[in-house]
**Student:** 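Take a look at this one; I'll ask things after.
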Amino acid sequence: MKTISLQDAVAMIPAGATLMVGGFMGVGTPEPLIDEIVRQQKKDLTVIANDTAAPGVGIGKLVDAALLRRVVVSHIGLNPETQRQMLAGSLTVDLVPQGTLAERIRAGGFGLGGVLTATGIGTIAEEGKQKIAVDGRDYLLEPALRADFALVHAFIADYLGNLAYVLTARNFNPLMAMAADTVVVQAENIVPVGVVAPDHVMTPAPVVDYLVANG
Amino acid sequence: MDPQSTIARRIADELRDGMLVNLGIGIPTLVANFVPAGIRVFFQSENGLIGTGPVPEPGMALPWLTDAGGRPVTALPGASTFDSATSFGLIRGGHLDLTVLGGLQVDRHGRLSNWMVPGKMVPGMGGAMDLVAGARRVVVAMQHTAKGRPKIVRESSLPLTSERAVDLIVTELAVIAVRDGRLTLIETMEGVTVNEVLNMTEVELIIAPELASAGAEAVRRSLSAPSTGGAL
């Protein structure tokens, strides 16, 4: 794990990259990283996340700046700008049931090829998917998801990169921290090693590649 | 009482002590206002919280303690938080006793459509498909008609949320159960006649035996008469 400046962290991301971004309606999204992506005008990005938040909030800022080519999300209902770009044809939106999205990301980080879920059976969500019967019940085969970068928000990171999240800001963050080639963490608090007790570490340090330094 | 509160109060009668319950946005959220006295219900927010409490006092909001719409909430004593995989493991894994969801349409088989209107509104399914596929019991909270047209229809004109039939539909006019794959009228709301319900419903409803017998409505109302005094 290396510490890195905000500017250098975002400079690593090439145009056209695929990013996983933590957060649920902007809660638990690493906002400074988002602001810096906008400042550096990284374009043609694909974002995998729960939602596109709202205009001016979290991932919504990337939508506002028209930096996204594709999003893989469960919900865009609170962001009219996402819907506008989708209908205009400038943004591709892949809608995935929320629990399926979480499991596809988990599978990507846990070395699994995908997961079997009954969610979406008999709906348009099953189009193009393989069906597999187990013990007489049908499931959809949902492939694993990975990304070039995961942008993770933590409440606490220690100097080694051990992470703990807070309340509902946890959401997709620990799943994404396992599922990307390069994991970049922005933490509200950076603390000495030992401050976070082993049992309270939610993401172990070895999976973190970069911790964004304060200030 | 306004239609939304009528619906929410009736659904609250389905709550039992110790249940884990997920409430969708809109009318379902109001159910939390009518929890019967003396029982404890665990409300889940799918963004990763069990024990969701009321909105905080002014100045007490925490940006990292929110409901599924991103609005600040509080957490009740005994609350717990977890990641999104665990949250949907609770939903799909048979741990969620009851979900209450809003609806755009329900078809004659009791199948719900509630996540998109093609060409008009595409919010995404969020957690709705997982909730209907996975919850032990699914209750739909919706107004009986939209712009005067029935929402309980023979064939849904909207994409389904799940192939699984829901268990109960509660509107401001009636309570309809899905029994043996058939929509069955089991209650009418106060002041509403069976014929009124039938006229506002596109699907031919089975009339439950307990409702068909004369006076059953009155009996039911006297049994489940709500305590007045205004919790709201």
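Letters go in sequence order (proteins before strands), and every chain restarts at 1.
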**Student:** Of all of B:P159, B:G69, B:G48, which one pairs up most often with chain A through heavy atoms under 4.5 Å apart?
**Tutor:**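 So the answer, after comparing B:P159, B:G69, B:G48, is B:G69.
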
**Student:** Of all the heavy-atom pairs spanning A:L175 and B:S84, show the shortest one and how long it is.
**Tutor:**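 Scanning both residues completely, I find the closest heavy atoms to be CD1-CB, 4.3 Å.
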
**Student:** Other residues, nucleotides and ligands only: do more than 12 of their heavy atoms fall within 6.0 Å of CZ on A:R39?
**Tutor:**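 More than 12 within 6.0 Å, yes.
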
**Student:** Going by atom type alone, with no hydrogens or angles, which donor-acceptor pairs under 3.5 Å involve a side-chain atom of residues 129-141 of chain B and a protein atom two or more places apart or on another chain?
**Tutor:**
| unit_1 | atom_1 | unit_2 | atom_2 | d |
| --- | --- | --- | --- | --- |
| B:D130 | OD1 | A:T119 | OG1 | 2.9 |
| B:D130 | OD2 | A:Q98 | N | 3.4 |
| B:D130 | OD2 | A:G99 | N | 2.8 |
| B:R136 | NE | B:G94 | O | 2.8 |
| B:R136 | NH2 | B:G94 | O | 3.2 |
| B:R137 | NH1 | B:E14 | OE1 | 2.8 |
| B:R137 | NH2 | B:E14 | OE1 | 3.1 |

**Student:** Would you mind checking which part of A:I121 comes under 4.5 Å of any heavy atom in chain B, side chain (CB onward), backbone (N, CA, C, O), both or neither?
**Tutor:**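 For A:I121, heavy atoms of backbone and side chain both lie under 4.5 Å from chain B.
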
**Student:** Using the ring of each side chain (for Trp, its six-membered ring), is A:H153 parallel, tilted or perpendicular to B:W64, with breaks at 30° and 60°?
**Tutor:**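 The arrangement is tilted - the two ring planes meet at 30° to 60°.
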
**Student:** Side chain, backbone, both or neither: which part of A:P174 has an atom under 4.5 Å from a heavy atom of chain B?
**Tutor:**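 Contact with chain B is through the side chain of A:P174 alone.
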
**Student:** Between A:H75 and B:W115, is there a side-chain heavy-atom distance shorter than 4.5 Å?
**Tutor:**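 The answer is no, as the side chains (C-beta and beyond) never meet within the 4.5 Å cut-off.
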
**Student:** Just wondering, are more than 12 heavy atoms of other shown residues or ligands nearer than 6.0 Å to CD1 in B:I25?
**Tutor:**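 Open.
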
**Student:** Quick check: do A:M25 and B:N47 have side-chain heavy atoms less than 4.5 Å from each other?
**Tutor:**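 Not touching, per the 4.5 Å side-chain cut-off.
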
**Student:** Can you find a heavy atom in the side chain of A:L167 that is under 4.5 Å from one in the side chain of B:L49?
**Tutor:**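 No, too far: nothing below the 4.5 Å cut-off.
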
**Student:** At a 4.5 Å cut-off on heavy atoms, which part of A:Y165 comes close to chain B: side chain, backbone, both, or neither?
**Tutor:**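 Neither part.
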
**Student:** Supply the atom-to-atom distance A:N171 CG to B:T86 OG1, rounded to the nearest 0.5 angstrom.
**Tutor:**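 Nearest 0.5 Å value for the CG-OG1 distance: 12.0 Å.
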
**Student:** Any side-chain to backbone donor/acceptor pair from B:T81 onto A:T168? Under 3.5 Å, distance only.
**Tutor:**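 It does not hold such a pair.
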
**Student:** Between A:V96 and chain B, which part of the residue has a heavy atom less than 4.5 Å away: side chain, backbone, both or neither?
**Tutor:**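 Answer is backbone: N, CA, C or O of A:V96 sit under 4.5 Å from chain B.
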
**Student:** Where on A:F24 is there a heavy atom nearer than 4.5 Å to chain B: the side chain, the backbone, both, or neither?
**Tutor:**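 Looking at A:F24, just its side chain touches chain B.
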
**Student:** Using atom types as modelled, flag every donor-acceptor pair under 3.5 Å from a side chain in residues 207-215 of chain A to any protein atom, sequence neighbours excluded.
**Tutor:**
| unit_1 | atom_1 | unit_2 | atom_2 | d |
| --- | --- | --- | --- | --- |
| A:D209 | OD2 | A:V183 | N | 2.7 |

**Student:** Give me the atom names and distance for the closest heavy-atom approach of B:R92 to A:T117.
**Tutor:**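 Residues B:R92 and A:T117, closest heavy atoms: CD-OG1, 3.5 Å.
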
**Student:** Report the option among A:E188, A:M86, A:E126, A:R106 that has the most heavy-atom pairs separated by less than 4.5 Å from atoms of chain B.
**Tutor:**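 Most heavy-atom pairs under 4.5 Å with chain B: A:E188.
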
**Student:** Output the option from B:D83, B:T161, B:D67, B:I91 having the highest count of non-hydrogen pairs under 4.5 Å with chain A.
**Tutor:**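 Highest number of heavy-atom pairs under 4.5 Å: B:D83.
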
**Student:** Considering only heavy atoms, which portion of B:S80 lies under 4.5 Å from any heavy atom of chain A: side chain, backbone, both, or neither?
**Tutor:**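 Neither; nothing under 4.5 Å.
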
**Student:** Could you walk me through whether B:M125 and A:T123 pass side-chain contact (heavy atoms from CB on, under 4.5 Å), step by step?
**Tutor:** CA-CA 11 Å; B:M125 67 291 281; A:T123 75; over 6 Å; no

**Student:** Does B:R182 CZ have over 12 foreign heavy atoms under 6.0 Å away?
**Tutor:**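 For B:R182, atom CZ is not crowded (no more than 12 foreign heavy atoms under 6.0 Å).
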
**Student:** Let me know if B:A68 has heavy atoms under 4.5 Å from chain A in its side chain, its backbone, both or neither.
**Tutor:**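 Interface part for B:A68: both.
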
**Student:** Using non-hydrogen atoms and a 4.5 Å limit, figure out which bit of B:P63 sits close to chain A: side chain, backbone, both or neither.
**Tutor:**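 Backbone only.
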
**Student:** So which part of B:T66 gets closer than 4.5 Å to some heavy atom of chain A, the side chain, the backbone, both or neither?
**Tutor:**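 Contact with chain A involves both backbone and side-chain atoms of B:T66.
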
**Student:** Relative to chain B, which segment of A:L78 carries a heavy atom at a distance below 4.5 Å: side chain, backbone, both, or neither?
**Tutor:**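 Side chain only.
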
**Student:** With a 4.5 angstrom heavy-atom cut-off, which part of A:T82 approaches chain B: side chain, backbone, both or neither?
**Tutor:**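 When you check distances to chain B, no heavy atom of A:T82 falls under 4.5 Å.
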
**Student:** Heavy-atom cut-off 4.5 Å, strictly under: side chain, backbone, both or neither for B:L65 against chain A?
**Tutor:**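 Contact with chain A is through both the backbone and side chain of B:L65.
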
